[in-house]
Amino acid sequence: WLVSSAVGFIYAFGFVMMTPQLYINYRLKSVAHLPWRAMVYKSLNTFIDDLFAFVIKMPTMHRLSCLRDDVIFLATLYQRYLYRVDFSRVNEFGQGGDDDDDDEP
């Protein structure tokens with residue numbers, strides 16, 4: 001019982017950790033610039049995770065966590081389509097943003 005509850009908490013906490021970026025994008029009506037290489041990486045990671053979640057026998061909680069990742073990913077793609085890309089914002093990988101210290105030798 002304890003292990004099952006802890007796993008459920010970790011999966012729920014993972015969902016909570018992914019949603020603030022969606023809220024920030026909604027409030028600012030823009031999305032941070034994400035290079036295409038990183039976007040392709042995220043897409044392939046999501047697809048492969050889903051593929052293995054439904055091909056390999058695993059607990060239902062883990063399969064639901066894969067679905068949770070898909071929901072967040074699709075919401076992010078929808079926001080990317082809906083809002084403008086703000087090149088001055090730093091994305092979750094620490095890339096982007098306006099660099100003021102470009103004049104250094």
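Just so it is clear, the model here is predicted, and its values are computed rather than measured.
- Listed by chain and number, the residues in a side-chain contact (heavy atoms from CB on, under 4.5 Å) with Tyr78 are Leu82 (sequence neighbours excluded).
- If you run side chain to side chain contact (heavy atoms under 4.5 Å, CB included) between Val31 and each of Leu22, Leu77, Asn25, only Asn25 comes through.
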Please tabulate, for the side chains in residues 43-52, all donor-acceptor contacts under 3.5 angstrom to protein atoms that are two or more places apart in sequence or on a different chain.
| unit_1 | atom_1 | unit_2 | atom_2 | d |
| --- | --- | --- | --- | --- |
| Ser43 | OG | Met39 | O | 2.9 |
| Thr46 | OG1 | Lys42 | O | 2.9 |

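- We find the CG-CD distance between Leu28 and Gln79 to be 10.5 Å, quoted to the nearest 0.5 Å.
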